[in-house]
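First up is the structure itself, then whatever we jot down about it.
In what follows, every heavy atom counts, from backbone to side chain, and hydrogens, waters and symmetry copies are set aside. Naming: A, B, ... by sequence-line order, numbering from 1 per chain.
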Amino acid sequence: MFSLERWQEVFETISKNKLRTFLTGVSVASGIFILVVLLGVSVGFQNGVEKQFQNDAENIINIYPGSTSIAYKGFNKDRRIQLTNEDYALVNRETDQEIEFASSLYQIFAGLVSYGNESGSYRVEGILPDYQFLEKADIIEGRFINMNDVKAKEKYAVIGNRAKKDLFKDKSPIGEYIEVSGLNFKVIGVFTDPGGDREETRVYVPISTAQIVFGAGTDIRSMGYTLPKEENYDLALKQSNAFAAQIEQMLKSKLQIDPKDESALFISNNIENTKEIYLLINAMKIFFWGVGIATLLAGIIGVSNIMLIIVKERTKEIGIRKALGAEPLSIVGMILHESIFVTSVSGLFGLIFGLALLEIVGPYIELDFIRNPSVNFSIAVSTLILLIAAGAIAGFFPAWRGARIKPIDALRDE
Amino acid sequence: MIEIKDLHKSYKMGKNSLHVLKGINFNVEEGELVAIMGSSGSGKSTLLNILGMLDEADQGSYTLDGVPIKNLNEKLAAQYRNKFLGFIFQSFNLINYKSALDNVALPLFYQGMKRAERMERSMAYLKKVGLADWATHKPNELSGGQKQRVAIARALASDPKVLLADELTGALDSKTSYEIMDLIQKINDEGRTILIVTHEKDIAQMTKRIVNLKDGVIIDDRKITQVRAMQDV
């Protein structure tokens with residue numbers, strides 16, 4: 001297989017049968033190319049869907065107050081419910097569930113924020129340090145708010161990347177002061193959020209500071225929790241629902257709400273929404289794998305077909321070679337050597353073109369549902385190896401048949 | 001050089017069996033130039049194929065240069081063909097995408113000879129058949145006579161014991177046929193054993209011995225006075 005003489009013979013045959021080599025190569029290369037692009041699009045789709053739906057932690061549980069709809073214990077109905085620091089502390093203290101991240105929240109939706117001549121209306125949210133993880137915010141500059149900031153009621157702000165671009169352009173905002181509702185806040189960090197511009201126009205400040213600045217006393221607008229990740233979706237759902245029920249019961253009893261009242265407290269359990277996303281992503285994965293495997297199969301069948309035709313076309317040549325003293329194994333070796341060489345080289349080309357396309361064009365694709373298509377290199381390489389191996393196995397049978405041809409029959413074949 | 005005893009061969013054609021060779025006995029000495037003649041269906045090509053180890057006899061013995069040719073597997077048959085025999089076909093059977101030189105070198109490739117030596121030796125044989133200037137040409141750039149010369153050079157390249165030629169002038173006009181026969185005679189003059197299957201009487205007359213086949217048996221086997229091909233040109 002590795003003798004120089006054989007390589008010379010193979011190169012000669014390949015270079016003197018350019019059309020045949022080209023056609024084989026194109027079919028293999030395009031098969032691999034399509035497969036790589038398909039796998040890339042599948043990954044891109046997955047990224048897109050995740051980005052669309054997973055702005056926040058996928059297992060977040062949010063509690064918002066509403067108004068009562070049932071008169072209870074001497075209270076009239078239509079009473080507005082107000083959550084406070086006390087309620088938040090109660091849940092944290094009393095729950096028997098292990099909590100991963102927790103934060104209370106006090107926000108104003110249109111806060112005037114300005115820096116120098118630039119100003120804008122942003123959502124200003126008073127939060128606790130864990131909120132970073134509930135929102136899946138990533139710090140790109142500086143730091144997030146920490147517990148000391150909250151305790152010391154610091155006038156610190158962490159601003160979204162969009163807000164940073166609006167107010168500061170290309171300048172680093174760290175250490176600069178922005179004006180929020182007439183008060184100066186020192187910018188300590190910039191964050192990016194998978195929720196995109198909508199969530200990157202927020203300004204986070206310590207909740208203790210926000211409650212003072214906005215005159216909220218101990219009021220909070222909502223609270224959010226996540227539970228530690230469970231092994232499977234069903235278990236996570238069960239834990240999550242149990243926790244939500246527990247909070248509901250706890251708060252309703254403290255706030256004197258009828259247990260049957262459905263509009264006084266809203267508990268949104270994100271994990272229920274995530275199920276749909278997981279199902280969708282799974283379905284798409286199965287779909288793309290199905291299409292991928294079908295493409296691969298078509299590629300393999302294509303390669304074996306070409307092999308069959310090549311052997312058929314070379315019947316006479318095989319006969320001549322045998323008459324001149326070629327042993328059957330050398331015929332098999334010659335055909336396989338050639339086909340493996342051609343499929344490997346052209347498969348590699350297809351792979352490189354596919355990867356290059358994804359690499360060059362991929363980052364520019366920012367459609368709603370397809371984002372940064374890319375492909376796992378090892379998957380691509382293993383598909384290539386699979387295709388070459390399959391091509392070799394598929395090519396072996398025609399080659400073997402070719403080698404079995406009696407030279408006398410082959411020579412008669414005009 | 002060649003000893004054949006009581007050779008039988010039949011082909012199965014559906015239910016019927018066609019008995020092609022019905023007990024052939026004949027010997028060829030070293031240096032002979034033999035014509036095997038007969039009309040179509042006489043079994044002459046079958047005999048040649050058996051001699052060439054391209055086909056197997058049902059019965060009888062065949063000894064080539066003292067080696068019994070019997071129960072060969074494909075690998076051994078290939079090795080024997082390469083070592084003992086050179087083939088010349090009516091339709092030349094050159095490989096189209098290879099140059100004349102590479103065609104000649106092919107049997108040497110299967111002997112495992114190194115490339116440089118292979119090319120040198122092939123070139124020498126091409127020179128011998130007068131085609132040194134055509135070495136890099138492909139078969140489709142050559143005339144029929146030239147193609148057959150390349151085929152002869154190829155048959156000679158592995159320095160075989162016996163040259164087997166099947167209607168080697170069948171696809172050529174008579175002038176070219178005589179030129180080819182002249183070459184064959186010259187190669188025979190150097191002592192090479194050559195068997196020619198033909199149905200052309202004038203070609204047969206240019207050999208030294210004519211074996212006549214009819215319906216699978218030898219009806220006539222005699223030495224003749226050789227007619228030199230170049231006298232007729």
CZ (A/R401) with more than 12 external heavy atoms under 6.0 Å:
no
Hey, what do you get for CG (B/N96) to NZ (A/K316), rounding to the nearest 0.5 Å?
8.0 Å
Is any side-chain heavy atom of B/I95 closer than 4.5 Å to one of A/R321?
yes
What's the shortest heavy-atom distance between B/A78 and A/A326, and which atoms?
CB-O, 3.4 Å
Can you tell me if B/N73 has over 12 outside heavy atoms packed within less than 6.0 Å of its CG?
yes
In this structure, NZ of A/K322 is separated from CZ of B/R81 (nearest 0.5 Å) by 7.0 Å
CG (B/N103) and CD1 (A/I320) are apart, to the nearest 0.5 Å, by 7.5 Å
Going from OH on B/Y110 to CD1 on A/I331, what distance comes out if it is rounded to the nearest 0.5 angstrom?
4.5 Å
At a heavy-atom separation under 4.5 Å, does B/Y80 approach chain A through its side chain, its backbone, both, or neither?
neither
Cut-off 4.5 Å, heavy atoms of chain A, and the answer for B/K83 is neither
Go through the atoms of B/Y97 and report whether side chain, backbone, both or neither lie under 4.5 Å from a heavy atom of chain A.
both
Is the count of non-hydrogen atoms from other residues, nucleotides or ligands lying under 6.0 Å from B/F26 atom CZ greater than 12?
yes
With a 4.5 angstrom heavy-atom cut-off, is it the side chain or the backbone of B/L94 that approaches chain A, or both, or neither?
backbone
I'd like to know which of B/K75, B/R118, B/K138 tops the heavy-atom pair count under 4.5 Å against chain A.
B/K75
Smallest separation among heavy atoms of A/G325 and B/N82, with atom names
CA-CB, 3.7 Å
Assess whether atom CD of B/E30 is packed by more than 12 heavy atoms of other residues, nucleotides or ligands within 6.0 Å.
no
Given heavy-atom pairs under 4.5 angstrom as the criterion, report whether the side chain, backbone, both or neither of B/M53 touches chain A.
neither
Applying a strict 4.5 Å limit to non-hydrogen atoms, the region of A/R314 in contact with chain B is side chain
If I compare all heavy atoms of A/E327 with all of B/Q79, which pair ends up nearest, and what's the gap?
OE2-NE2, 2.9 Å
The interface call for B/D102 against chain A, heavy-atom contacts under 4.5 Å, is side chain
